[in-house]
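Since the structure comes first, as structure tokens, the remarks are kept for the end.
Both backbone and side-chain heavy atoms feed into the values below; hydrogens, waters and symmetry mates do not. Numbering of ligands and ligand atoms starts at 1, following listing order.
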Amino acid sequence: MSPRDRRRDWSRLDEADVRVRPGRGTRPRTKRRPEHADALSAMVVGKDRGRWTCALGGDPKQLVVAMRARELGRTPVVIGDNVDLVGDTSGKPDTLARIVRVAERTSVLRRTADDTDPFERVVVANAEQLLIVVALADPPPRTGFIDRALVAAYAGGLEPVLCLTKADLASPDDLIAAYADLTLPILVTRQDREPDEVRERLHDRVSALVGHSGVGKSTLVNKLVPDAERETGVVSAVGKGRHTSVTAVALPLPDGGWVIDTPGIRSFGLAHISPDDIVAAFDEFVEAAEECPPGCGHLGEPEDPDCMLDTVVTDGHATKGRLESLRRLLSSRAGIDETQREIGSE
Ligand SMILES: Nc1nc2c(ncn2[C@@H]2O[C@H](COP(=O)(O)OP(=O)(O)OP(=O)(O)O)[C@@H](O)[C@H]2O)c(=O)[nH]1
Ligand SMILES: [Zn+2]
């Protein structure tokens with residue numbers, strides 16, 4: 001079963017899928033505690049000041065508000081997490097359930113540390129796709145942002161999808177050409193057309209959306225989720241100060257699936273990603289990378305002159321463009337310190 005199938009199949013969420021992380025100084029509890037035998041599975045769709053909104057069985061109509069059970073220790077609970085709930089799961093006003101378990105994640109999207117929080121944190125769990133929303137103009141596209149988002153997606157286990165907005169203002173051809181070798185889906189949208197291709201892509205799946213302020217993300221989300229009422233046309237959240245923490249929220253698509261809007265992500269947590277984590281998303285290079293010298297960054301000359309990835313191209317198993325694209329992503333990770341500074345000063 002693929003992780004995607006397994007996660008969709010709520011009834012199979014048994015002990016083997018559940019990892020209970022040990023809190024500080026406690027031993028991992030691997031046995032299902034009998035008093036929680038009646039726990040219900042739910043997906044976390046919202047988070048606000050110590051309260052988590054959860055959709056029972058992934059059903060957007062069965063919402064329950066929950067708090068963390070003490071036994072959860074410090075295990076973080078984020079949007080997209082699959083949790084087990086006990087207590088009052090009726091979902092009636094003023095009732096509160098308790099989250100007693102968090103299932104092992106099939107994917108993670110991290111944001112970088114910032115002034116308000118010195119740690120990289122997972123902000124979205126279990127999303128199948130990352131929709132990277134970039135405007136073709138106003139604001140102009142920045143490949144640095146796209147590349148870092150791609151690295152975060154590949155390393156976090158999300159399938160990246162590039163969504164180019166405002167096609168009425170500029171042609172998408174250059175960007176499509178620049179990313180052709182990555183063979184990722186590229187969708188082009190404009191405000192005066194229905195985003196049918198995007199709808200099709202997101203149908204029945206859990207997708208996280210990222211994008212800089214002003215790219216038209218809210219405009220898109222409002223079309224996809226008519227009840228979402230995401231605020232549009234706001235120049236930027238920066239005006240409210242960098243200390244406004246805006247958390248992610250999962251919105252149900254009318255025909256099934258969820259979009260997770262992530263206003264809080266300004267840049268991606270790439271600090272703990274290794275070159276091999278990125279190469280792992282490029283099947284045809286994985287074997288050759290195992291032959292590389294220890295600690296190889298896979299960048300080729302001059303940084304990694306003994307890198308074996310070039311042999312995949314000379315043997316005809318990958319195109320030169322494909323390797324160049326992979327290496328551009330690898331170097332975007334390598335330059336992380338500088339790019340963080342660039343983003344932080346925006
Ligand atoms: N020309 C053109 N303008 C668009 C398009 N999509 C959105 N806009 C405009 O771009 C501006 C920003 O759109 P939003 O949807 O608010 O952008 P956002 O990415 O959600 O930005 P924040 O709200 O700051 O997070 C608004 O004035 C929109 O009307 C498009 O396809 N073409
Ligand atoms: Zn190498």
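Close approach to Ser218 involves these atoms of ligand 1, each under 4.0 Å from a residue heavy atom: 15 (O), 18 (P), 20 (O), 23 (O). For ligand 1 and His212, the ligand atoms under 4.0 Å from any heavy atom of the residue are 19 (O). For ligand 1, the atoms lying closer than 4.0 Å to a non-hydrogen atom of Thr219 are 7 (C), 13 (O), 14 (P), 15 (O), 28 (C). Using a 4.0 Å cut-off to heavy atoms of Leu169, the atoms of ligand 1 that qualify are 1 (N). Residue Lys217 approaches ligand 1 through these ligand atoms, each under 4.0 Å from one of its heavy atoms: 15 (O), 17 (O), 18 (P), 19 (O), 20 (O).
With Glu120 contributing its side chain and Ala271 its backbone, the two residues share a donor-acceptor pair below 3.5 Å. Not one N or O on the side chain of Trp52 forms a donor-acceptor pair closer than 3.5 Å with the backbone of Gly46.
Neither Ile146 nor Leu169 shares a network with the other; the hydrophobic side chains, linked directly or stepwise wherever heavy atoms of I, L, V, M, F, W or Y lie under 4.5 Å apart, form separate groups for each.
Counting only N and O atoms by type, the side chains of Asn126 and Ser107 include no donor and acceptor under 3.5 Å apart. Tyr179 and Asp174 are not linked by any side-chain donor-acceptor pair at a separation below 3.5 angstrom, with hydrogens and angles left out of the test. Thr189 and Thr165 share no side-chain donor-acceptor pair at under 3.5 Å. For the residue pair His298 and Asp276, a side-chain donor N or O sits within less than 3.5 Å of a side-chain acceptor on the partner.
Polar contact with ligand 1: present for Gln191 (N/O pair, distance under 3.5 Å). Between Thr165 and ligand 1, not a single N/O pair is under 3.5 Å apart. Residue Gly216 has at least one nitrogen or oxygen atom sitting less than 3.5 Å from a nitrogen or oxygen atom of ligand 1, judged on distance alone. Checking only distances, Thr189 never comes within under 3.5 Å of ligand 1, N or O to N or O. Here's the thing with Gly214: one of its N/O atoms is less than 3.5 angstrom from an N/O atom of ligand 1.
Cation-pi geometry between Arg322 and Phe285 is not met at under 6.0 angstrom from the ring centre and within 45 degrees of the axis.
Ion pairing between a basic and an acidic side chain is recognised when a charged N comes within 4.0 Å of a carboxylate O; Arg327 and Glu303 show no such pairing.
The shortest distance between side-chain heavy atoms of Asp84 and Ile99 does not fall below 4.5 Å. Under the 4.5 Å side-chain criterion, counting only non-hydrogen atoms from C-beta, Leu85 is in contact with Val83.
Protein atoms of type N, O or S found under 2.8 Å from the Zn ion (ligand 2) total 4.
Under 4.0 Å from ligand 1, heavy atoms of Val215 appear from its side chain as well as its backbone. Residue Leu220 does not touch ligand 1, judged by heavy-atom distances below 4.0 Å.
With sequence neighbours excluded, the residues that form a side-chain hydrogen bond (donor to acceptor under 3.5 Å, both in side chains) with Glu324 are Lys320.
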